[in-house]
Q: 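If you scroll down you'll find the structure; I have some questions about it.
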Amino acid sequence: MLNFWEKLGIGITAGVAGGTWVGFLISLMFGRVVAWPAVITFIVISSWFIVKTKIEKPGKIFLITLVGWGIYLAKLFSQMLVVKADGIWAGGSNVWGDWALHIGFVANWLYGNNFPVQNPNFAGVRLAYPFLFDFTSALLVKLGLSIPGSFEIPGMIFGLVIVVLLFSLTVRITKKQATGAIAVAIFMLSGGLGWIYLVPGQTMFRVPERGVRELTQSYEANIQWVNFVISEMVPQRGIAMGISLALSIFILWWMGEEKDDYRYFLGAGIMAGLVPFFHAHTFMVLVAVSGCLFLINRKKYWWYFFIPAGILALPQFAYFIPQVSGYGSGFMRWQPGWTAHVQKDNWIWFWVKNIGLMTILIPISWIDAWKKHRKLFWIYVPFAVIFVAANLWIFQPWENDNSKLLRFWYLASSVLVASWMARVFEKGWGQKVIVAVLLVLVTLSGAIDAGSWLDFEKNKLQMWSRADIELADKVRQLTPKTAVFLTNDNHNHWVVDLAGRKIVLGFRGWLWSWGINYGPREADVRKMFVGDSQTPQLLAQYNIDYVIIGPGEKNNFNASESYYSSRYPILLDWQGQKIFDVRGKR
């Protein structure tokens, strides 16, 4: 049977996933965010897991792990988006970069009634992106949370869910509590040899001109295996839900196989079918892992997983396909070595730099598992396949996004290595010292980077100024919810993120990474800003209601203020930004 902590973690995950799906579909029908169906669904699903379950006294190692990570995550997330008198501040560069996108989605649902869902950064085109965890935040805001709270609280909760479920899964596989704590540490504090930068006089890695900012990411040293917590779980958001769902499914698989009970596989299949709109890469991993495990152990109960997962997931991938197929041959491509080419590294040296001693510990642990834990050996096989595949092919336009697949390989590697470490640790004091040193060296870079993000004053970056906030408030009051703006393409534009309105051309880096061919639209945007003879026709073609002319538009697109001031009325003139109403003469 599942223990209380597994039921709690899986119940929260399944409840949020199911509740978000129901809330989204009902909101789609009403054309606005409707939260109550999501709340009811969450209560029903989570209660089904938790009600009448006896709360078990946690073991000491589990309790220390849970409390330690709980304190860290609570402190970390509490300062990721801080509202001050002069504006809104992000608690780190990755949050400053990524949360602007996610907040824009939420704002457009809440303030722009963005249903059916369009891409707010590419108006008129549907949002073919795994957005459901952001819709979870929209539901929470509708229930009374602030937007910062709707991001920080789910982040903290699902960070802890990952800790609980990874610990539990590892203990189920290895039968040792210590292994669970080690696996969590290795996974959450992922890193490589970046700690060498701290060695005085080191000459192994070239020091960046701007100085060493992170030990788990360095272009100069080609260290690309970023720390999971500060570079993926916190800023990317969806992967936290994806890994929580995956761990829930892994535990259900384990239970179903142990008990030879198809019901666990049926539940896992339903959960897997909910995954793609939360995190598409997680579903790709689930397909690969389940397929491999089925080939290893061809039991009929696997079909109870495959059938519901396929039925539920197929429409979601059908929704994504037009954007993927429209990108051309470069969306997926053959690229051996993943990002080793950045500094022309050979593959082995690239991975030694990026995961350090894990390059030695993984094969040692896998060989040891063949001798002493054959089932763990075979469990690791599909994840090794994922590692090979992600080192040969790029599965989306931006090569670094392969890390979303490789992260699952590292999760399995954490369990594998933790199992070996725990066995060696039991042999004597000498072995205990060796294991302790190895664990420190494996996690040192990640631990330093993850710890550094607790210093808000050192890491803060302003997302939006007070002027941006005030202007957004006025725009929400004075413009229709469906209004489309022609603006600069900075990644954190207040029109999208604070006013909740759509823009014609947003941050081009995101558009490219999603497989959107934005070139023709960019050319049209440039024409409209300079006042080309085609401007009136283009304004009508893109259904543009308002044009903003400010410093960003002038610097990046040579925007002609005189063209618009001589033809269109000004809606607002605020802090150096003029908003022209172009609806009457499109």
Side-chain angles (χ1 to χ4, degrees), residues 9 12-13 16-17 65-66 68-81 90-103 130-134 136-137 148-167 169 183-192 214-217 224-248 250 275 278-282 285 355 400-415 443 445-454 456 459:
I12 290 172
T13 303
V16 170
T65 303
L66 180 65
W69 280 104
I71 292 171
Y72 169 75
L73 292 171
K75 170 63 175 173
L76 178 69
F77 276 100
S78 69
Q79 59 188 37
M80 286 300 97
L81 204 61
S93 58
N94 296 328
V95 168
W96 178 82
D98 284 12
W99 278 19
L101 170 71
H102 300 291
I103 289 172
F131 56 72
L132 267 190
F133 199 43
D134 291 322
T136 303
S137 293
S150 75
F151 276 58
E152 293 169 343
I153 292 173
M156 180 183 67
I157 290 173
F158 282 98
L160 271 179
V161 166
I162 290 172
V163 169
V164 169
L165 295 183
L166 177 55
F167 186 102
L169 177 64
V184 169
I186 293 174
F187 180 67
M188 299 288 278
L189 301 177
S190 57
E214 291 183 7
L215 302 181
T216 54
Q217 187 172 28
Q224 307 277 0
W225 189 244
V226 294
N227 175 252
F228 170 66
V229 174
I230 67 169
S231 295
E232 291 186 343
M233 188 185 79
V234 175
Q236 295 181 20
R237 305 201 76 232
I239 196 170
M241 187 63 173
I243 290 180
S244 296
L245 283 161
L247 287 168
S248 300
F250 295 160
V275 168
F278 282 102
H279 197 247
H281 286 82
T282 294
V285 168
I355 62 172
N400 288 71
D401 275 343
N402 263 26
S403 66
K404 297 174 183 178
L405 300 172
L406 290 164
R407 192 60 60 182
F408 287 90
W409 155 75
Y410 199 77
L411 185 150
S413 299
S414 300
V415 176
T443 60
S445 297
I448 292 172
D449 279 359
S452 71
W453 265 44
L454 296 178
F456 174 78
N459 294 292

Q: If you take all heavy atoms of A90 and L81, which pair is closest and at what distance?
A: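 That closest heavy-atom pairing would be CA-CD1, 4.4 Å.
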Q: So which heavy atom on W453 is nearest to which on N459, and how close?
A: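 W453 and N459 have their closest heavy atoms at CA-ND2, 3.7 Å.
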Q: For F456 and Q79, work out which heavy atoms get closest and say how close.
A: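 Minimum heavy-atom contact is CD1-O, 3.4 Å.
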Q: For the atom pair OG1 (T282) and CG (L405), what is the distance rounded to the nearest 0.5 Å?
A: 8.5 Å
Q: Can you tell if the side chain of N94 reaches within under 4.5 Å of the side chain of W99, non-hydrogen atoms only?
A: no
Q: Checking side chain to side chain contact (heavy atoms under 4.5 Å, CB included) between L411 and each of I162, I186, L166, V285, which is the one that passes?
A: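 Answer to the side chain to side chain contact (heavy atoms under 4.5 Å, CB included) test with L411 among I162, I186, L166, V285: L166.
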Q: Answer whether the closest heavy-atom distance between the side chains of M233 and L73 falls below 4.5 Å.
A: yes
Q: Determine, step by step, whether S190 and R407 satisfy the side-chain contact (heavy atoms from CB on, under 4.5 Å) criterion, reporting the C-alpha distance in whole Å, the side-chain angles of both residues, the deciding distance to 0.1 Å, and the verdict.
A: CA-CA 10 Å; S190 57; R407 192 60 60 182; 3.0 Å; yes
Q: Would you give the length of the straight line joining atom NE2 of H102 to atom CZ of F151, rounded to the nearest 0.5 angstrom?
A: 7.0 Å
Q: Indicate yes or no: at least one non-hydrogen side-chain atom of T13 is less than 4.5 angstrom from one of F158.
A: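 Contact flag for T13/F158 side chains = yes.
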Q: If every non-hydrogen atom of S445 is compared with every non-hydrogen atom of G191, which pair is closest and at what distance?
A: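 Smallest interatomic distance, heavy atoms only, reads CB-CA, 4.4 Å.
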Q: Without hydrogens or angle criteria, can the side chains of T65 and W69 be said to hold a donor-acceptor pair below 3.5 Å?
A: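 Judged by distance alone, the side chains do not pair up.
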Q: Atom CZ in F408, atom OG in S413: separation rounded to 0.5 Å?
A: 13.0 Å
Q: Does E214 use its side chain to pair, donor to acceptor, with the backbone of D449 at less than 3.5 Å?
A: no
Q: Could you work out, with ring-ring contact (aromatic ring centres under 6.0 Å, His included) as the rule, every residue matching F187, not counting sequence neighbours?
A: F228
Q: Mind checking the CG-CE spacing from L160 to M156? Nearest 0.5 Å is all I need.
A: 7.0 Å
Q: When you measure from the side chain of N227 to the backbone N and O of A450, does any donor-acceptor pair fall under 3.5 Å?
A: no
Q: Can V234 and L76 be said to form a side-chain contact (heavy atoms from CB on, under 4.5 Å), step by step?
A: CA-CA 9 Å; V234 175; L76 178 69; 3.7 Å; yes
Q: Determine whether S403 and E232 satisfy the following criterion, side-chain contact (heavy atoms from CB on, under 4.5 Å), listing intermediate values before the conclusion.
A: CA-CA 9 Å; S403 66; E232 291 186 343; 2.9 Å; yes
Q: Of the non-hydrogen atoms in Y72 and V229, which two are nearest, and what is the gap between them?
A: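 So the minimum-distance heavy-atom pair works out to OH-CG1, 3.9 Å.
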Q: Within this structure, what is the OG1-CD1 distance for the pair T216 and I355, rounded to the nearest 0.5 Å?
A: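 Atom-to-atom, T216:OG1 and I355:CD1 are 14.0 Å apart.
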Q: Where do S231 and Q217 land on the side chain to side chain donor-acceptor pair (under 3.5 Å) test, with the steps shown first?
A: CA-CA 9 Å; S231 295; Q217 187 172 28; 4.6 Å; no
Q: Between T136 and F278, is the side-chain contact (heavy atoms from CB on, under 4.5 Å) condition met? List the steps.
A: CA-CA 10 Å; T136 303; F278 282 102; 4.1 Å; yes
Q: Identify the heavy atoms of S244 and L165 that sit nearest to each other, and give their distance.
A: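 In terms of heavy atoms, the two residues are closest at O-CD1, 3.8 Å.
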Q: Would you mind checking if R237 and D98 are paired as a salt bridge, meaning a charged N to carboxylate O distance below 4.0 Å?
A: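 Here D98 does not pair with R237 in a salt bridge, since their nearest N and O are not under 4.0 Å apart.
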Q: Relative to the ring of H279, is the ring of H281 parallel (under 30°), tilted (30 to 60°) or perpendicular (over 60°)?
A: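 The arrangement is tilted - the two ring planes meet at 30° to 60°.
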